[in-house]
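Residue numbering restarts at 1 for every chain, and letters A, B, ... go by the order of the sequence lines.
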Amino acid sequence: MDNMQQQFVEAGTLMLAGMVFVFAFLGVLIVFINTVLARLAIKFPDPIVVPHSRANKKSSSKAKGDISPAVVAAISGAVKRYRAQHGQDK
Amino acid sequence: MDNMQQQFVEAGTLMLAGMVFVFAFLGVLIVFINTVLARLAIKFPDPIVVPHSRANKKSSSKAKGDISPAVVAAISGAVKRYRAQHGQDK
Amino acid sequence: MDNMQQQFVEAGTLMLAGMVFVFAFLGVLIVFINTVLARLAIKFPDPIVVPHSRANKKSSSKAKGDISPAVVAAISGAVKRYRAQHGQDK
Amino acid sequence: MDSLTKLWLSTGLANFELGQIVMMLVGCGLLYLAIARSFEPLLLLPMGFGAILTNIPIAGFSEAGGLLHYIYYAGIDTGIFPLIIFMGVGAMTDFGALIANPKTLLLGAAAQFGIFATLFGAIALNYVPGIEFTLKDASAIAIIGGADGPTAIFLASKLAPELLGAIAVAAYSYMALVPIIQPPIMKALTTEEERKIEMKQLRPVTKIEKIIFPLGVLMMTIFFLPSATPLVGMFCLGNLMRESGVVDRLSTTAQNELINITTIFLGLGVGSKLSAEAFLNVETLGILALGAVAFSIGTASGVLMAKTMNKFSKDPINPLIGAAGVSAVPMAARVANKVGLEANPHNFLLMHAMGPNVAGVLGSAVAAGILLALVGG
Amino acid sequence: MDSLTKLWLSTGLANFELGQIVMMLVGCGLLYLAIARSFEPLLLLPMGFGAILTNIPIAGFSEAGGLLHYIYYAGIDTGIFPLIIFMGVGAMTDFGALIANPKTLLLGAAAQFGIFATLFGAIALNYVPGIEFTLKDASAIAIIGGADGPTAIFLASKLAPELLGAIAVAAYSYMALVPIIQPPIMKALTTEEERKIEMKQLRPVTKIEKIIFPLGVLMMTIFFLPSATPLVGMFCLGNLMRESGVVDRLSTTAQNELINITTIFLGLGVGSKLSAEAFLNVETLGILALGAVAFSIGTASGVLMAKTMNKFSKDPINPLIGAAGVSAVPMAARVANKVGLEANPHNFLLMHAMGPNVAGVLGSAVAAGILLALVGG
Amino acid sequence: MDSLTKLWLSTGLANFELGQIVMMLVGCGLLYLAIARSFEPLLLLPMGFGAILTNIPIAGFSEAGGLLHYIYYAGIDTGIFPLIIFMGVGAMTDFGALIANPKTLLLGAAAQFGIFATLFGAIALNYVPGIEFTLKDASAIAIIGGADGPTAIFLASKLAPELLGAIAVAAYSYMALVPIIQPPIMKALTTEEERKIEMKQLRPVTKIEKIIFPLGVLMMTIFFLPSATPLVGMFCLGNLMRESGVVDRLSTTAQNELINITTIFLGLGVGSKLSAEAFLNVETLGILALGAVAFSIGTASGVLMAKTMNKFSKDPINPLIGAAGVSAVPMAARVANKVGLEANPHNFLLMHAMGPNVAGVLGSAVAAGILLALVGG
Ligand code: NA
Ligand code: NA
Ligand code: NA
């Protein structure tokens, strides 16, 4: 089967060329990331988002059962109003 | 008007064939529902969703004005915190 | 350049015809708004939405820190329940 | 001055024909019904607008190269738009009430008598001078009685494209008029006692039933009526996407963005068929008359079928729900509910009427398939 | 080895032509403007990307069978994409400010002088060797002065498709540059006192006015300028869907998913016209220069018209709002507001500038219709 | 009686061929896998449904004028649908993990050995009587090893449209089977110690890197492999829309409505290729067998490459993440994570496996480009 043999040769060549190319392509991409992108990352760093003591808030709210300060403020007001309306705790 | 008469015959035949067919079709569908689907419904019942005493909760929350336990928990915590912060009720 | 001159004439005519037309068109639209639409507006005024004392509610809630009455009611209930459960403030 | 003459000759005023003006007024009428009366606005608004656009002199919206020309030939002539709509409707349809009470399928079947009686009536109209309906025309007109917009558009685009505009106008107008057309017929054919009948609560339907149902419907259509499979197939695909629960993002898109986009273009495309030549003739009057007849007969047959079934059924059946068999989902079911409530304030028929209502959709798709198979060949 | 040679011959490196590289850089430039400068990113990002894709050697994006080829011929050559965009823009537009103060329509009219003066200028550029603009070309270029993207693309696709790329680039670039181009002109033509003028609060506009307005605009366009009805018609359809309140789901889809999908493909399709042959020539430089002139003249005419009207008007008119007549919605209105605030911190012109701003959209659609009617035949 | 005969002759029952019944059962099987087993339901549900529709006798769904015919020729034959899907996938992809650890690109490269080995295997299958795969066929089959649905559909539509149905079924079925196919191979090729390896936390990636990355990938594809630019280009466009942050409304639409609409029609269109003639033959069995081989070899190559890299790398590399190089995003990454957790409950590999996972998408698009360039000519 001469034809089959020829096809195998073609398939083999394709396999070789293909794998070489894939590795070369993605290899160059590695170089691109390690050089171009790395330099860009240094030159144009992400703006630092000042978390205005968000970390603190988070940890404190976690310690107290994950209630946000805004909700606490709202509830504080509500409790005050409730008392004013009901004349309790005086 | 021979032509008209023929058209009426055609229309009449269409009406008859059509209504018979529609009833037959939807009738077979009734059989399908009463046999195949009914059996499937028995064989593969819907999974029973365990409402983990949801009914209880619901009724209790309804009695107390539709406030979910989670909200109550949150508010309890908030009230505690509020007191701690304001030094009241001591 | 006879050709150029002719083109200029054409362009000039276009400019004149165009600006006249644009002004005429939008001018008629002014008339349309001032007559047809104005009359329609009088004949079919927008239904007056009765705000059923929404304004009151808004101002009162604003005075108390933007908490809606519904939330206050919910919290009042929650606070009551909390006390009942914890036997405080008695 | 040359420019001014050219400009004048390019105005609409210099080129209007009477028919175009009349058709624009028809378009404005459709807009009025859609906006001021909320008559099926999702379709009548773009359709009315399309009617106006297509009748603009010179602009050539519906000539080769015009926007409406592209829309019509890409979406309606091919049948693609109504089929996409049908998929979306399928994704919106809950067959639960029908599966819980399968007898109601017979009501959906009976109401299709409106279609076939109208077919007969359309042929009879050939006695009127100026009207000459072929059997294809008559079939396309008759489907108005199915009270299902996309089905009517689909069938008309296949059997009688030149009548498409009038048929679509009639179908959607009467669908919008269901709350006015149906109640008198329903009351005339039922007794006060019958209207008061309360029905047994429906059993819950399992997920597997809802998943297998569209597949069963499709299989039966394949076996017995392949010509209905475009309509029924897309409907069942939509319903399967809905009930399977594994492709919720596709189902949501089919029920919302995809059906919305298609509805805009379907309406414009149908409107483009409202040209003076095609609409301003005796035949259109005939179609409008036949449409009213079709809805009335369909409603009556549904109610009478329900009356009969109530006599033989173990569980009571309120004859009013028979009227919902014409489809016009969900309006007809709401009408049945309302008329029932008038007779008996504790009588909530809405869920019971949804059974015949969705059965009516299947019924008219089946009827469309029969007409395609027997007349369309 | 044979494979390797074949592989090499199939690389871009082995097939690049200089023009393609330059055009890819132009594409990258558009991406830069879109991403880093936020210049009209919704269109310039896909357009820049399309410019890169269309210039890839061998890949054949814009040849028969290529993706951009399909997009261009299905959506832009037919005019469908700009018309869908126009419908969406109509659904986003609130004519309230215009109806409340209809005089501002004159400002929208005056600003169109930018278009017609540019037309004259484009013909004059024929004195430059290498530039040979026909009247059609000149008209397509002039529409840049309308400061309305879809109108420019629609007109260019009808009158001068080979210039479409350059025209779209110029139109969107200058629209993005409005905050830079307009203020110096506005300040040069007004006094400090004029810029400080506060305007009377606008009256509320009723629902019926907002519903009838698009229909009135459409009717007038039909009567006087049918050639503008594709643009104006789709715009009014979108606006009617918005204001009628009965088809909110269609209106929402037109304003969001439908316009988004179309924008992606419109951008890619326009980008596909940025080939080296069509773009890298003196004519493009001419178009870019004319575009700047067009915007400047349009701004100046609007401001001068407002100055004049202020002299004769009972209610004071701040001349700055005249600049908003070029359209470029809503950027030009914001610019007017900003320049007004600089002169007088209590001077909020935004709502007043929205009137001429949307009037400018109508004005340039009308101008486009005139050019189509007189030059397009 | 004539009508009844005509009606009978127009039923499916009177016209069924055996092959059609078998293919409908295949369609039902796909629906079963999609619904009951949640196997890639987004594509397999519409595909299974399309397979049923296309095999309905008489209905002519896939003949000229039929719905599936239009869908196939407008969306799949042109390559438009897979490219739109690819844009949407690009808009959903976060390359952060890959940029943070670029070495993982080599894993995505190694896993493509599954493709090229299968190409060899497909040619070898020509020894089996009844199978005759050309090099084009073999290439289209081999791409199943890329574990990427739209890439497989795109390539098959270009190289071997008559095998498209079988290839798509195989590709999506095996992608769904990844959690079953991969773990035994992964465990067989790694030691318990290797599977326990914990990897260093990834560095944060800046916005500029994420924006430039898709452009860099596109540029390299343009330079070295223009034939891959349709796939890679649309993927990068989607990713750029995502990362640029200036066109969020386009990005959201590309990730949701647009990809959903396209998925429905892509599935139906692919299903329409599941006709008896095209599917019921030995070649399909060969394709199914080769698909399993392809996935297994790809998985193995990825793992072995990772083992090798771990030996030479400063930072430890868990060989399990190599298996994610076949793509099948994000399933393969989850499998790597799960197998890692089994060996070491503190071992969270998900983020690390996302690198090779998305590298695999690029890798198979590159492989598809190579096959197009060398075989497609
Ligand atoms: Na019906
Ligand atoms: Na303008
Ligand atoms: Na892959």
Taking atom CZ of E:Phe120 and atom CD of C:Gln7, what is their separation to the nearest 0.5 Å?
-> 11.0 Å
Quick one: list whatever passes side chain to side chain contact (heavy atoms under 4.5 Å, CB included) with C:Asp46, sequence neighbours left out.
-> E:Thr206, E:Lys207
Atom CG in E:Leu119, atom CE in C:Met15: separation rounded to 0.5 Å?
-> 7.0 Å
Mind checking whether E:Met305 and C:Phe23 have side chains closer than 4.5 Å, heavy atoms only?
-> yes
Side chain to side chain contact (heavy atoms under 4.5 Å, CB included) assessment of E:Ile115 paired with C:Val22 = CA-CA 11 Å; E:Ile115 293 179; C:Val22 167; over 6 Å; no
If one checks every heavy atom of E:Ala110 against chain C at 4.5 Å, the contacting part turns out to be both
So what's closer than 4.5 Å to chain C heavy atoms on E:Lys210: side chain, backbone, both or neither?
-> neither
Report the residues that fulfil side chain to side chain contact (heavy atoms under 4.5 Å, CB included) with E:Thr118, sequence neighbours left out, ordered by chain and then residue number.
-> E:Ala142, E:Leu290, E:Ala294
Nearest 0.5 Å please: distance from the CD1 atom of C:Ile30 over to the CG atom of E:Leu106.
-> 3.5 Å
Where on E:Ile370 is there a heavy atom nearer than 4.5 Å to chain C: the side chain, the backbone, both, or neither?
-> side chain
Determine the minimum heavy-atom distance between E:Leu135 and C:Glu10, stating which atoms define it.
-> CD2-OE1, 3.4 Å
Is it the backbone or the side chain of C:Phe25 that comes under 4.5 Å from a heavy atom of chain E, or both, or neither?
-> both
Below 4.5 Å from any heavy atom of chain E, which atoms of C:Ile33 appear? Answer side chain, backbone, both or neither.
-> side chain
Contacting moiety of E:Thr104, where chain C heavy atoms sit under 4.5 Å = neither
Exercise: identify the closest heavy-atom pair between E:Ala359 and C:Leu26 | O-CD1, 4.4 Å
Heavy-atom check, side chain of C:Asn34 versus side chain of E:Pro102, under 4.5 Å = yes
How long is the span from the CE atom in C:Met19 to the CZ atom in E:Phe113, to the nearest 0.5 Å?
-> 6.5 Å
Could you tell me the separation between the CZ atom of C:Arg39 and the CD1 atom of E:Ile208, rounded to the nearest 0.5 Å?
-> 14.5 Å
Assess whether side chain to side chain contact (heavy atoms under 4.5 Å, CB included) is satisfied between C:Leu29 and E:Met220, documenting all intermediate values.
-> CA-CA 8 Å; C:Leu29 209 49; E:Met220 283 186 46; 3.5 Å; yes
Roughly how far, to the nearest 0.5 Å, is CD1 of E:Ile212 from CZ of C:Phe44?
-> 8.5 Å
Give, as side chain, backbone, both or neither, the part of E:Val205 having an atom under 4.5 angstrom from any heavy atom of chain C.
-> backbone
Heavy atoms only: give me the nearest C:Ala17-E:Leu374 pair and the separation to one decimal.
-> CB-CD1, 4.5 Å
Segment of E:Phe223 engaging chain C (4.5 angstrom heavy-atom cut-off) | neither
Counting only heavy atoms closer than 4.5 Å, note whether E:Phe95 contacts chain C via side chain, backbone, both or neither.
-> neither
Intermediate values then yes/no, side chain to side chain contact (heavy atoms under 4.5 Å, CB included), E:Leu371 and C:Leu14 = CA-CA 8 Å; E:Leu371 294 172; C:Leu14 259 178; 4.3 Å; yes
